[in-house]
Amino acid sequence: MQIYDSVQKTKLPFEPIHKGKASIYVCGPTVYDDAHLGHARSALAFDLLTRTLKVLGYTVTLAKNFTDIDDKIIKKVQQSGKSMEEITSFYIARYLEEMDALGVQRADIEPKATESLHAIEAMIQTLLDKDFAYRISNGDVYFDTSKDSAYGTISHQVGQDDENQSRVAHTEEKRNPKDFALWKACKNEEEICFETAFSAGRPGWHIECSAMIEKHFSGTENYSIDIHGGGADLLFPHHENEAAQSRCATGHELAKYWMHNGFVQIDGEKMSKSLGNSFFLKDALALYDGEVLRYYLNSVHYRNDFNFSEQELQVAKKRLDKLYRLKKRVSPGTPSQVNSVFKKALLDAMGDDLNISIALATIDEMVAATNEALDSSPQNKALKKEALANIAFIDALLGFGGKEPFSYFQIGVDEALKMKIQTMLNERSEAKKAKDFARSDAIRDELTHLGISIMDTAEGTLWEKV
RNA sequence: GGAGCCAUCGCCAAGCGGUAAGGCCGCAGCCUGCAAAGCUGCUAUCCCCGGUUCAAAUCCGGGUGGCUCCUCCA
């Protein structure tokens with residue numbers, strides 16, 4: 001397995017700190033609002049990573065956090081009159097539901113900031129004791145970036161702050177412009193406040209990830225975990241700061257490999273709430289099947305930016321349809337062995353920093369080759385069984401193609417319509433038998449208007465929802 | 001102002017020094033009562049200008065264009 005490490009900016013062979021195991025921590029969402037397609041893409045990218053590692057034989061432990069203490073959540077509490085818990089539990093449940101619809105496997109550990117306060121407090125205390133952090137007059141605790149000689153080595157954004165150009169707001173008592181809050185003391189009007197030895201308040205943004213990782217992973221003398229992942233926007237300052245805290249608190253590096261996914265863009269611009277161009281996952285799922293969205297959002301390499309377009313989504317659906325048509329053609333049956341050449345090609349592709357384009361091309365070629373072979377020997381049972389095994393393998397590795405193929409093409413068609421379609425098909429078949437082609441074609445046109453496309457085969461007429 | 005990423009067929013997209021994968025669209029065929037589906041065949045020298053090399057889309061230098069980070073952000 002080769003992984004592109006964003007710190008070293010090169011592909012590296014994956015050599016886990018514990019043989020045969022992979023520990024992964026991915027930055028999850030701040031739960032104050034619905035997830036958008038960008039959250040989906042990140043979740044999907046790391047889902048591909050964990051699935052690939054699992055198929056390659058690694059025992060994977062994946063942690064993905066929920067940030068449930070945050071300024072934006074507090075703001076929402078104040079505006080809505082609801083409790084923080086009500087708000088965060090609502091969005092966490094919604095997030096998980098939507099990710100399920102996309103076929104994202106659940107993380108093994110889903111830590112929350114509110115459940116990690118002891119670990120957070122302990123780490124801040126350690127940093128204070130070791131003199132890597134300082135407390136200012138209002139009770140805030142800051143990390144002193146000047147004490148960490150390795151600060152900047154993660155994001156390579158060491159650059160000495162040009163006072164005039166930096167967009168970072170300078171707090172009077174901060175010793176260095178890049179110092180960041182580990183702990184924010186509560187100013188009286190705030191509702192949430194946790195007692196600690198240094199002050200009553202709440203954690204800064206970066207500390208929770210570091211603390212959770214220490215809490216849940218054993219690590220080694222060199223690293224806490226194997227892979228740390230997240231969106232490209234988190235590289236600086238979030239991951240730089242996480243790395244600094246952990247390094248100074250534990251005496252070793254946080255992660256051996258750092259992976260960052262590219263953005264989902266709309267019209268060539270990053271999708272973000274501040275730009276107001278967000279496409280919420282719930283809206284997308286109302287329009288498109290989760291599996292199609294999954295295929296689409298994963299169809300471009302995770303490190304590239306992804307420009308969302310409905311036309312391309314339709315192209316993705318067509319490609320997925322072809323796989324399911326093959327599955328329909330070889331069903332029902334019991335899968336035999338995955339074709340070894342096919343299996344190797346897929347694993348080689350995904351093992352190369354998740355080269356999904358090669359993987360999808362490999363699948364397209366397998367589908368075409370199988371269809372061709374089936375054209376010349378339609379009754380070849382062994383071929384069909386192998387195809388079923390191949391498709392099951394695709395499902396395990398990439399997370400699509402797992403549905404029953406006839407139902408895949410009937411998503412969104414209710415029972416009444418199914419009955420009607422069957423009646424029309426029966427009538428058409430009678431008309432065809434009687435060589436009344438005008439009538440049979442008229443029925444086909446009617447079905448087309450209903451959004452149903454039909455195909456005559458040796459086994460009878462099949463239909464699909466377009 | 002600082003730090004990066006990217007630029008390949010009409011569209012999406014691989015390629016990581018050895019002579020351009022795959023998908024969509026289009027065209028021509030096979031199949032079909034006609035279609036649909038499926039299959040076959042056809043369609044690019046890689047933003048521009050220099051350089052390195054026997055050999056470059058791939059490396060180096062300079063342009064041009066787009067995006068991102070330095071503020072919450074997947």
Side-chain angles (χ1 to χ4, degrees), chain A residues 6 9-11 26-30 32-33 35-46 67 70-72 152 155-169 177-178 205 229-238 240 260-265 268-275 278 296 299-301 303-307 309 311-319 321-322 325-326 328-329 349 352-353 355-365 367-376 432 435-438 440-441 444-445 448 453-457 461-464:
Chain A
S6 2
K9 297 185 185 184
T10 184
K11 268 190 227 173
V26 178
C27 287
T30 300
Y32 70 103
D33 202 354
H36 61 207
L37 293 180
H39 294 101
R41 170 124 120 119
S42 181
L44 251 8
F46 290 102
T67 299
D70 169 86
D71 288 1
K72 291 186 290 300
S155 64
H156 310 290
Q157 297 246 5
V158 246
Q160 35 287 39
D161 266 334
D162 187 323
E163 297 276 336
N164 302 314
Q165 303 301 335
S166 172
R167 288 149 69 198
V168 183
K178 291 240 154 112
W205 176 35
D233 48 354
L234 299 181
L235 183 53
F236 189 87
H238 188 235
E240 187 71 59
H260 292 91
N261 63 274
F263 301 123
V264 175
Q265 304 188 319
E269 276 198 319
K270 178 185 174 183
M271 177 187 294
S272 75
K273 285 170 189 166
S274 47
L275 287 172
S278 291
Y296 176 52
S299 67
V300 174
H301 186 85
R303 274 190 280 121
N304 291 167
D305 282 335
F306 185 103
N307 199 222
S309 95
Q311 286 86 359
E312 287 304 317
L313 195 154
Q314 291 304 329
V315 169
K317 180 180 183 304
K318 283 187 186 180
R319 245 177 136 172
D321 285 351
K322 289 175 82 161
R325 280 197 197 100
L326 173 65
K328 201 157 66 167
R329 197 173 177 187
D352 181 13
D353 193 38
N355 192 327
I356 192 68
S357 289
I358 299 284
L360 296 182
T362 302
I363 291 170
D364 287 335
E365 283 161 5
V367 170
T370 308
N371 272 321
E372 192 185 359
L374 247 22
D375 282 349
S376 50
K432 277 182 66 174
K435 303 255 189 260
D436 182 357
F437 296 122
S440 68
D441 289 352
R444 185 168 63 201
D445 288 343
T448 302
S453 92
I454 62 172
M455 38 218 73
D456 294 326
T457 75
T461 301
L462 303 178
W463 63 270
E464 296 178 358

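Note that the structure is a prediction, hence the values are computed from the model and not measured.
- Among residues two or more places apart in sequence or in another chain, the side-chain hydrogen bond (donor to acceptor under 3.5 Å, both in side chains) test is passed with A/D375 by A/R329.
- With B/C72, B/C67, B/A74 as the choices, the nucleotide that has an atom nearest any side-chain atom of A/Q265 turns out to be B/C67.
- Nucleotides B/C67 and B/A56, compared at atom P, are 33 Å apart to the nearest Å.
- Between the C1' atoms of B/C47 and B/C9, the separation comes to 15 Å (whole Å).
- When distances are taken from the side chain of A/D305 to each of B/A74, B/A14, B/C67, the shortest belongs to B/C67.
- Applying the Watson-Crick and G-U wobble criteria (two distances, each under 3.5 Å), B/C54 pairs with B/G18.
- By the salt bridge (charged side-chain N to carboxylate O under 4.0 Å, His left out) test, A/D456 is found to be paired with A/R428, A/K432, residues two or more places apart in sequence or in another chain being considered.
- The side chain of A/A361 has B/G22 as its nearest neighbour among B/G23, B/G22, B/A74.
- B/A3 is paired with B/U68 under the criterion used here, namely a Watson-Crick or G-U wobble arrangement in which both key atom distances are under 3.5 Å.
- Across all strands shown, B/C46 forms no Watson-Crick or G-U wobble pair with both key distances under 3.5 Å.
- Which of B/G22, B/C69, B/C72 sits closest to the side chain of A/D233 comes down to B/C69.
- Comparing B/C12, B/C70, B/G4 by their closest approach to the side chain of A/P237 singles out B/C70.
- Rounded to a whole angstrom, the distance from the P atom of B/A20 to that of B/C24 is 23 Å.
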Its contact letters, B for base, S for sugar-phosphate only and - for none at protein heavy atoms under 4.0 Å, make nucleotides 24-39 of chain B read SS-------BBBBSSS
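- Rounded to a whole angstrom, the distance from the P atom of B/C46 to that of B/U8 is 12 Å.
- Applying the Watson-Crick and G-U wobble criteria (two distances, each under 3.5 Å), B/G33 pairs with nothing in any strand.
- For the C1' atoms, the distance linking B/C59 with B/G17 amounts to 8 Å, nearest Å.
- Across the interface with RNA chain B, nearest-nucleotide mapping of A/F236 and A/P29 shows A/F236 to be the residue nearer the 5′ end.
- Separating the C1' atom of B/C70 from that of B/A44 is a span of 39 Å, rounded to the nearest Å.
- Base pairing annotation: B/A28 forms a Watson-Crick or G-U wobble pair with B/U40, both donor-acceptor distances under 3.5 Å.
- Checking the phosphate oxygens (OP1, OP2) of B/C12, no side-chain nitrogen or oxygen of A/N307 falls inside 4.0 Å.
- The side chain of A/H36 sits closest to B/A74 out of B/A74, B/C11, B/A21.
- B/G15 and B/U19: their P atoms are spaced 16 Å apart (whole Å).
- In this structure, the nucleotide among B/C11, B/A14, B/A74 sitting nearest to the side chain of A/S42 is B/A74.
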